[in-house]
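Remarks on the structure that follows.
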2 protein chains.
Amino acid sequence: MKITPNPPELVLLKALWARGAMPVRSLHDICAPELNWSFSSTRKTIERMTDKGFVSVSTTSKPASVSARISKTTTLAHMAREFFGRVLEVDGPLPASAFTCSTLLSDEELDELEGLLGGLY
Amino acid sequence: MKITPNPPELVLLKALWARGAMPVRSLHDICAPELNWSFSSTRKTIERMTDKGFVSVSTTSKPASVSARISKTTTLAHMAREFFGRVLEVDGPLPASAFTCSTLLSDEELDELEGLLGGLY
DNA sequence: CACATTGTGTGACGGCTGTCACACGGAGTC
DNA sequence: GACTCCGTGTGACAGCCGTCACACAATGTG
């Protein structure tokens, strides 16, 4: 299972992680300024992310609602490990210090990440 | 100027950084086990890297020789900054500690990187 | 009900990437 | 000189990505 979202996908995922499931339109409104693209692009990207298993779309309610299917910490852990391994060729466990200055992570999430990073190699 | 080599390109660049300019065939022989692809692929990738300005090919000598045109430290600094900024949303200077466990970098290179990373935002 | 807005299905297209294959000319070998 | 191997120019093709547009159904509003 590949779990490395590309840049636009990561933007959408971050919004979902931060604010939970929401209708496609809302997600678009939140991310459009950053992505600077049209509603069609948001929809298509979500479609592709669905195929990859990154999100799921629930059509039970009126405007279909999107939710993340992969967790923030495991995704970031994968991406970090990929980057450090491939680019910097770090073999051992990653230094948690690399993440403490991230504005993305709460203390609990940092703890979780640390656990994931140690055991992932 | 974009300066973010994709994965196969980075493999070739690393070999060039480590061993200096060399004929295409030698570069292929060194990287093929890791890339697991054919000589044609190496050649085509080098061609594309030439277009991007990542390497240059000198045809003055008999078997044309490839050399890196972008430096290891600036390239890694760009990639690291891109990753930390986009994925982890780190705004300030990156912690040098993130690099000390890399098996790629000498002490002087670490110093250089640290300088680049501090002033790059 | 007629119209305007929103949601959804689907198709498209050019660029980059990964990955070759083919063909041809020069160089070394018998 | 004929054959073989290597270097080089070039073309190809499918898959993913960024980015829409079009068409139609559903829904709200006067």
Side-chain angles (χ1 to χ4, degrees), chain A residues 1-15 21-67 70 75 78-79 82-83 86-87, chain B residues 1-15 21-67 70 75 78-79 82-83 86-87:
Chain A
M1 188 81 78
K2 206 183 146 217
I3 198 176
T4 354
N6 55 42
E9 287 171 350
L10 188 60
V11 172
L12 297 184
L13 277 173
K14 281 182 179 174
M22 70 183 88
V24 182
R25 175 69 66 179
S26 312
L27 183 56
H28 172 71
D29 290 341
I30 292 170
C31 299
E34 183 172 350
L35 291 169
N36 208 39
W37 69 14
S38 75
F39 186 51
S40 286
S41 303
T42 301
R43 288 195 311 129
K44 183 55 90 179
T45 300
I46 289 174
E47 186 191 328
R48 289 173 178 162
M49 291 171 78
T50 306
D51 294 343
K52 299 184 193 174
F54 293 170
V55 299
S56 60
V57 177
S58 149
T59 48
T60 60
S61 61
K62 268 326 290 332
S65 154
V66 204
S67 53
I70 54 180
T75 304
H78 265 91
M79 295 182 75
E82 199 275 335
F83 178 80
R86 182 179 65 81
V87 178
Chain B
M1 187 82 76
K2 207 182 147 221
I3 198 175
T4 355
N6 55 41
E9 287 171 350
L10 187 60
V11 172
L12 298 185
L13 277 173
K14 281 181 178 175
M22 70 182 90
V24 182
R25 176 68 66 178
S26 311
L27 184 55
H28 172 71
D29 290 341
I30 292 170
C31 299
E34 182 172 351
L35 292 168
N36 209 39
W37 69 14
S38 75
F39 186 51
S40 287
S41 303
T42 302
R43 289 196 310 129
K44 184 55 91 179
T45 300
I46 289 175
E47 186 191 328
R48 290 172 178 162
M49 291 172 78
T50 305
D51 294 344
K52 298 184 193 174
F54 293 171
V55 298
S56 61
V57 177
S58 147
T59 47
T60 61
S61 59
K62 266 322 293 329
S65 157
V66 203
S67 53
I70 53 181
T75 304
H78 266 91
M79 295 182 75
E82 199 275 335
F83 178 80
R86 182 179 64 81
V87 178

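We name chains A, B, ... by the order of the sequence lines, and we start the count at 1 in each one.
Listed pair B:Lys52 / C:dT17 meets the phosphate criterion, a side-chain N or O lying under 4.0 Å from OP1 or OP2.
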DNA chain C base-pair string [pairs: Watson-Crick or G-U under 3.5 Å; |: paired with another strand]
||||||||||||||||||||||||||||||

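Here the CG-CZ distance, from A:Asn6 to A:Phe54, works out to 7.5 Å after rounding to the nearest 0.5 Å. One distance of note links CE of A:Met79 with CZ of B:Arg86; it measures 5.0 Å at 0.5 Å rounding. The CZ atom of B:Arg43 lies 13.0 Å from the CG atom of B:Leu27; values are rounded to the nearest 0.5 Å. A:Leu13 contributes atom CG, which lies 6.5 Å from atom OG1 of A:Thr75 (distance to the nearest 0.5 angstrom).
Rounded to whole angstrom, the span from the CZ atom of A:Phe39 across to the C1' atom of C:dG9 amounts to 13 Å. Nucleotide C:dA23 holds its C1' atom 11 Å from the CZ atom of B:Arg43, rounded to whole Å. With rounding to whole Å, B:Trp37 atom CH2 is found 6 Å from C:dT19 atom P. In this structure, the CD atom of A:Glu47 is 9 Å from the P atom of C:dG9, given to the nearest Å. Rounded to whole Å, the distance from CD on B:Glu34 to C1' on C:dG18 is 15 Å. Protein atom CZ of B:Arg48 is 12 Å distant from nucleotide atom P of C:dC20, rounded to whole Å. In this structure, B:Glu9 atom CD and C:dT19 atom C1' are separated by 14 Å, rounded to whole Å. At whole-Å resolution of the value, CG in B:Asn36 and C1' in C:dT17 are 17 Å apart.
In 5' to 3' order, the nucleotides of DNA chain D bounding all contacts with chain A (an atom under 4.0 Å from a heavy atom) are D:dC17 to D:dT27.
Counting only residues at least two apart or on different chains, the ring pair (Phe, Tyr, Trp, His ring centres under 6.0 Å) pairs with a member in residues 22-51 of chain B are B:His28-B:Phe39.
Contact annotation for A:Pro8: backbone-only contact, meaning every heavy-atom pair under 4.0 Å involves sugar-phosphate atoms and none involves a base.
Closest to the side chain of A:Arg25, out of C:dC22, C:dT19, C:dT6, is C:dT6.
Annotation: side-chain contact (heavy atoms from CB on, under 4.5 Å) contacts of B:Ala21 (sequence neighbours excluded): B:Ser65, B:Ser67. B:Val11 pairs by the side-chain contact (heavy atoms from CB on, under 4.5 Å) definition with B:Cys31, B:Glu34, B:Leu35, not counting sequence neighbours. Residues passing the side-chain contact (heavy atoms from CB on, under 4.5 Å) test with A:Pro23 are A:Ser26, A:Pro63, sequence neighbours excluded.
Side chain A:Lys44 to base C:dG11: a donor-acceptor pair is found below 3.5 Å.
Nearer the 5' end of DNA chain D, as judged by each residue's closest nucleotide, is the contact made by A:Asn6, out of A:Asn6 and A:Ser38.
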Step by step, would you call A:Glu47 with A:Lys44 a side-chain contact (heavy atoms from CB on, under 4.5 Å)?
CA-CA 5 Å; A:Glu47 186 191 328; A:Lys44 183 55 90 179; 3.3 Å; yes

